[in-house]
There are 2 protein chains.
Amino acid sequence: MHSKLTDHIKKFIELTEADEQLINSAVVVKTVKKKAFLLQPDHICKELYFVSNGCLRLYFINKKLNEQITQFAIENWWLTDYVSLDSGSPSFYYIQAIENTEVISITKSKLEELFIAVPKLERYFRIVQQRAFAAAQTRIKYIYSMSDEERYWHFNSLFPAFMQRIPQYMLASYLGFTPQFMSKIRAKKG
Amino acid sequence: MHSKLTDHIKKFIELTEADEQLINSAVVVKTVKKKAFLLQPDHICKELYFVSNGCLRLYFINKKLNEQITQFAIENWWLTDYVSLDSGSPSFYYIQAIENTEVISITKSKLEELFIAVPKLERYFRIVQQRAFAAAQTRIKYIYSMSDEERYWHFNSLFPAFMQRIPQYMLASYLGFTPQFMSKIRAKKG
DNA sequence: CTGTTTTATTAATCTTGATTCATTTTTTGA
DNA sequence: TCAAAAAATGAATCAAGATTAATAAAACAG
């Protein structure tokens, strides 16, 4: 019994058939239509989402009442509001499907049970979290070492396929500038 | 046999006396004089540092040849360049002591051995990494929802004691603006 | 102590990217 | 298939914070 999730886990640790069954019976597969929400502000985030198919965005509404995207998640990425999940405090975020999406969802409490039943999963999540933090370190470095225009071209060169997949205004939001400024940049070079 | 590190670990998981001995014999205590370096660019980062006393900063030199600080670490915080550590690629960063500092240092390879000898340490590091990532999520939210001036006052209200501890120009660097702008802000209100 | 380095301040000018508002193009759903 | 909504573009003006340059104050080493 395998799933996109256990396939992913097996890239990092070994799983027995029994482990896989424990994992797959702890999770729930959810199909999320484009524009549907998995999390909304003021709700307490109780689940982690592993994208098996499609694309999610994490965003909040800023003081100017604009959507500010802070993360995307595509296939094989985990997404959740760890602040709300860890502390039990209400979230400030929306998690929304950008495309029709399939996620493998696990609740915080089921995950804690799973860590007891399959302790080596701690290792998998330790590695995943370490990589996520490394990515965040790198992102903060980019934020503080490139202008907005440079970050646009940089993102462009690193993830051309992803850029085809999302509306431009969402990338502008993620990169922290306005759609108008993005048009200006694009008009210049290409 | 305890240390500041095992005390910290015991806040998250239980350790036997034997576990503690294994941990403490895998690590090395280093005293780092103010302004001394634990990591410099072009070197491959092979160690993780747990600050038992003092204060470190992680920074790189940006295109304008200024120091850009991206992280601080005080007592009970881990600091390393996870990108270089994970991938074995040369680092872009400096890790430098801001004060005379004592760190508990462990190499990547010793840590891997320790994970085999004391598997429950995976859980400790999983939790530590998850919190670090949650902090990074929050930081990115602040970067994209407050002006530089707002972030200054916000930091000021959250960490007044830490502000006493570091030169102002380092905080300006961490917050992503110039010392001149910081003086302007301070002259206004406080 | 005292000269030197490090840190902080002030002010004038300049730049990047925001804002506002209008228009055009593309996508979507009934 | 076509109206309506969503997404992208364009241009004029504006503002937050950078740059430059000079000075002042504090910390430090010999």
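The chains referred to below are lettered A, B, ... by the order of the sequence lines, with proteins before strands, and numbering in each begins at 1. In what follows, every heavy atom counts, from backbone to side chain, and hydrogens, waters and symmetry copies are set aside.
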Net bend of the helix from dC1(C)-dG30(D) to dA30(C)-dT1(D), end axes of five pairs each, nearest 10 degrees: 60°

Where S89(B) and S84(B) come nearest, the two heavy atoms and their spacing: O-OG, 2.6 Å

Non-hydrogen atoms of D81(A) and I95(A) that approach each other most closely: N-CD1, 4.5 Å

Polar side chain donor-acceptor pair, Y152(B) to D148(B), under 3.5 angstrom: no

Salt-bridge present (K184(A), E149(A); N to O < 4.0 Å): no

Within the 6.0 Å centroid threshold, strictly below: F125(A) and W78(A): yes

Whole angstrom value for the distance that separates P of dT25(C) from CD of Q168(A): 15 Å

E67(A) side chain to Y94(A) side chain, donor-acceptor N/O pair below 3.5 angstrom: no

Gap between atoms NZ and P, on K34(B) and dT5(C) respectively (whole Å): 17 Å

Centroid-centroid under 6.0 Å between F60(B) and F92(B) rings: no

Verdict with reasoning, E112(A) to K46(A), per salt bridge (charged side-chain N to carboxylate O under 4.0 Å, His left out): CA-CA 12 Å; E112(A) 278 300 339; K46(A) 298 196 144 85; over 6 Å; no

Under 3.5 Å donor-acceptor, S52(B) side chain and E102(B) backbone: yes

Per-nucleotide protein contact string for nucleotides 13-21 of chain C, where B marks a base within reach and S marks sugar-phosphate only (heavy atoms under 4.0 Å, - for neither): ----SBBBB

Salt-bridge present (K10(A), E20(A); N to O < 4.0 Å): yes

Where chain B begins and ends its contact with DNA chain D, read 5' to 3' at 4.0 Å from heavy atoms: dG17(D) to dC28(D)

